Amino acid sequence: MRMNGSLHLTQGPGRGYGLAYAPFGAAGERAGLRFDDARDLKRFLAGPLRLPRREILEALRALDRHGRYVIHEVWLSPDEMTALA
């Protein structure tokens, strides 16, 4: 069974990036993953999460401009969600 949620991306100091997945209907903070640079983040989004290239490029542009970006409607299995926590 796959669950729907949102993927929260942030850009931290020193050009590092954070990623957290929040299933819809869940409460509280979610632990996430850290990436040293945009290349590592891009590789993860394209690989395990299988996001389309257009979505990844849009996210990276928004992170450069605003430091935050949310991708809605991301479907993950329970195992994939556990890997993101």
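Every value quoted in this text rests on a predicted model; they were computed, and no experiment measured them. Throughout, numbering of the chain's residues begins at 1 and tracks the sequence. When reading the values below, keep in mind they use all heavy atoms of this one structure, side chains included, and skip hydrogens, waters and symmetry mates.
Side-chain contact between K42 and R53 is present, with at least one heavy-atom pair separated by less than 4.5 Å.
Under the 3.5 Å distance criterion, with hydrogens and angles disregarded, a donor-acceptor pair is assigned to the side chains of S6 and H8.
Note that CG of L60 and CG of L45 are 7.0 Å apart. Values are rounded to the nearest 0.5 Å. Taking CG from L51 and CZ from F44, the interatomic distance works out to 9.5 Å, rounded to the nearest 0.5 Å. In this structure, CG on L41 lies 10.0 Å from CD on Q11, to the nearest 0.5 angstrom. With values rounded to the nearest 0.5 angstrom, R61 atom CZ is found 9.0 Å from Y69 atom OH. Between L7 atom CG and L49 atom CG the span is 6.0 Å, to the nearest 0.5 Å.
Salt bridge status for D40 with R43: present, with a side-chain N to carboxylate O gap under 4.0 Å.
Looking only at distances, no side-chain donor or acceptor of Y17 sits under 3.5 Å from a matching main-chain atom of L9.
Under a cut-off of 6.0 angstrom, the local environment of CZ in R68 is sparse, with at most 12 non-hydrogen atoms contributed by other residues, nucleotides or ligands. For CG of D36, the number of neighbouring non-hydrogen atoms (other residues, nucleotides, ligands) closer than 6.0 Å is 12 at most. Atom CZ of R65 sits in a crowded spot, with more than 12 heavy atoms from other residues, nucleotides or ligands closer than 6.0 Å.
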